[in-house]
2 protein chains.
Amino acid sequence: MGIHERKEREKEQRREDILDAAQRVFFESGLATSTMDDIAESAELSKGTLYLYYKSKEDLYLTVMMRGMQLLYDAFSEVANSACAPAEMLSRLSGAYLHYFNLHRDYFRMMHYWQAPQFHKQVSEEVKLSCSVLNQRIWDLVNGMLQRCVDGEILRKDLKPAEVGLILWSSATALMMRIDSEEGIWREAFQLNLHDVLNLSNDLLFEAICTEKGRLELKALSNS
Amino acid sequence: MGIHERKEREKEQRREDILDAAQRVFFESGLATSTMDDIAESAELSKGTLYLYYKSKEDLYLTVMMRGMQLLYDAFSEVANSACAPAEMLSRLSGAYLHYFNLHRDYFRMMHYWQAPQFHKQVSEEVKLSCSVLNQRIWDLVNGMLQRCVDGEILRKDLKPAEVGLILWSSATALMMRIDSEEGIWREAFQLNLHDVLNLSNDLLFEAICTEKGRLELKALSNS
DNA sequence: TGAATTAAATGACTGATGGTCATTAATTAC
DNA sequence: GTAATTAATGACCATCAGTCATTTAATTCA
């Protein structure tokens with residue numbers, strides 16, 4: 001009796017269709033100015049139906065955001081699974097995040113909301129938990145890679161992998177946020193190209209956290 | 001004819017009273033769950049009156065936030081005006097930001113909203129402009145100090161002051177955001193004290209952006 | 001096949017809340 | 001003391017997230 005299974009599939013499909021519609025609307029208008037009626041119209045469903053699949057607008061927003069987190073996970077995963085030396089892996093990891101930012105700016109932007117609970121009003125515990133779990137998986141993946149860099153004597157042994165990851169991630173993300181919302185201002189007021197600043201910031205930090213061996217290998221990679 | 005002036009003063013006072021009330025409510029509940037009725041009640045005024053002084057809830061929120069920006073400006077200003085050597089000034093500047101974060105966490109938190117326009121819905125152009133101007137003044141102040149560090153051969157000559165400022169600011173702020181909302185998670189999941197990570201991140205960056213002279217003077221300061 | 005049952009979808013409705021405006025109250029001017 | 005001006009009010013409006021009684025469609029089973 002495959003009817004039950006077919007129905008499950010259809011339900012899952014509907015969930016995805018709604019998410020597609022929500023994504024279109026949120027990408028277009030942001031959280032504040034998107035309405036559930038807009039999303040319903042875009043999905044060609046009634047508003048009530050949206051609520052059969054998602055508990056609140058904020059849950060829907062964060063569920064779209066999780067697609068973005070999953071893409072980031074996949075990108076990092078590919079780096080982690082590529083059989084390459086630690087130094088190259090570190091370089092690729094950093095490159096993957098930059099690539100993600102340029103390619104998936106909309107998802108990147110949504111992640112701020114997750115980071116700032118003071119703007120949450122109707123986020124369900126389930127969705128909060130799902131986000132946390134996915135977030136944690138990304139960090140575990142990154143920390144694993146960084147641990148391999150420590151073991152391979154690319155990163156200084158006196159630094160914990162999580163510590164290094166957090167430092168690199170923080171400075172890069174904060175600069176990306178600026179690029180996203182204030183790139184023009186910084187170019188005009190201070191003659192600064194924020195993409196260059198981001199590269200510089202990365203270079204400085206790598207310089208500071210790598211072993212001598214790591215510095216040499218990274219330099220060799222960037223010259224090749 | 002002092003009546004007109006007295007009225008101006010009273011109006012200004014009322015504006016401040018409303019802002020005090022808004023601050024109490026926003027600090028207590030955040031933007032999303034605070035209501036204009038709450039603020040009106042806290043101010044012992046009718047809701048209509050609030051709108052004689054502020055155009056929208058979001059304007060009110062950002063005006064409270066600007067108090068926080070002004071406090072930061074004042075703190076930085078004090079550092080800039082203290083007659084001390086560039087190295088000590090740099091050290092104090094960094095310390096002032098950390099002190100600000102610990103002392104004025106509520107204001108610090110509000111600043112995320114300003115940084116993320118995708119969550120704006122009713123922010124007026126006037127208030128946006130005021131925020132930008134104040135923001136710019138802070139950056140001018142910081143850049144002036146950093147320029148003095150370059151001139152005093154504390155900071156590397158090949159780095160633009162604005163570049164250095166942005167890099168230091170970005171990494172510190174992103175870590176502070178984590179401390180504010182996820183301190184417990186990082187302590188439990190990764191045995192990381194985020195305050196230590198923040199210090200480490202600062203040390204690494206200072207190491208990378210200072211001249212040899214600067215490194216020595218900063219080390220001397222931290223030992224004294 | 002068709003009546004009975006279950007499941008899915010609907011959209012009119014409710015409640016909350018940001019924002020408005022005609023009216024009232026208070027102050028000032030003459 | 002009265003007219004004119006200014007400030008404050010709160011009932012009201014509009015929007016929109018979220019609900020639920022009803023309808024529609026699909027499935028079961030006699």
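Sequence lines set the chain letters: A, B, ... in the order given, protein chains first and strands last, and positions in each chain run from 1. As a basis for the values below, the full set of heavy atoms in this structure was taken, side chains included, without hydrogen atoms, waters or symmetry mates. Everything quoted here is computed from the prediction, not taken from an experiment.
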Whether the side chain of [X] engages the backbone of [Y] through a donor-acceptor N/O pair (distance < 3.5 Å, no angle test) should be reported.
{"X": "B:Thr63", "Y": "B:Asp59", "answer": "yes"}
{"X": "A:Lys57", "Y": "A:Leu31", "answer": "yes"}
{"X": "B:His120", "Y": "B:Tyr113", "answer": "yes"}

d([atom1], [X]; [atom2], [N]) in whole Å:
{"X": "A:Leu50", "N": "C:dA8", "atom1": "CG", "atom2": "P", "value": "16 Å"}
{"X": "B:Tyr54", "N": "C:dG18", "atom1": "OH", "atom2": "C1'", "value": "17 Å"}
{"X": "A:Asp37", "N": "C:dT10", "atom1": "CG", "atom2": "C1'", "value": "13 Å"}
{"X": "B:Glu41", "N": "D:dG10", "atom1": "CD", "atom2": "C1'", "value": "14 Å"}
{"X": "A:Gln122", "N": "D:dG18", "atom1": "CD", "atom2": "C1'", "value": "9 Å"}
{"X": "B:Glu10", "N": "C:dT27", "atom1": "CD", "atom2": "C1'", "value": "10 Å"}
{"X": "A:Glu44", "N": "C:dT10", "atom1": "CD", "atom2": "C1'", "value": "15 Å"}
{"X": "B:Leu31", "N": "C:dT17", "atom1": "CG", "atom2": "P", "value": "13 Å"}

Quick check: on DNA chain D, is the nucleotide nearest B:Lys121 upstream (toward 5') of the one nearest B:Leu45, or the reverse? Name the residue that is more 5'. B:Leu45

Under 3.5 Å, is there an N or O donor on one side and an acceptor on the other linking the side chain of [X] and the base of [N]?
{"X": "A:Lys7", "N": "C:dA7", "value": "no"}
{"X": "A:Lys57", "N": "D:dG18", "value": "no"}
{"X": "B:Lys55", "N": "C:dG19", "value": "no"}

Counting side-chain heavy atoms from C-beta on, which of [options] comes nearest to [X]?
{"X": "A:Thr35", "options": "C:dA9, D:dA17, D:dT9", "result": "D:dA17"}
{"X": "B:Ser56", "options": "D:dA8, C:dT10, C:dG19", "result": "C:dG19"}
{"X": "A:Lys47", "options": "C:dA9, D:dT9, D:dA17", "result": "D:dA17"}
{"X": "B:Tyr51", "options": "C:dT17, C:dT20, D:dA8", "result": "C:dT20"}
{"X": "B:Lys11", "options": "C:dA9, D:dA7, D:dG18", "result": "D:dA7"}

Give one of base, sugar-phosphate or nothing for A:Ser34, where a contact means two heavy atoms less than 4.0 Å apart. sugar-phosphate

Scan B:Thr49 against the nucleic acid and name what it touches under 4.0 Å (heavy atoms): base, sugar-phosphate only, or nothing. base

How are the rings of B:His112 and B:Phe108 set to each other: parallel, tilted or perpendicular (split at 30° and 60°)? perpendicular

Counting only side-chain nitrogens and oxygens, does B:Tyr53 get under 4.0 Å of the OP1 or OP2 atom of D:dA8? yes

Do the non-hydrogen side-chain atoms of A:Thr173 and A:Phe101 ever get within less than 4.5 Å of each other? no

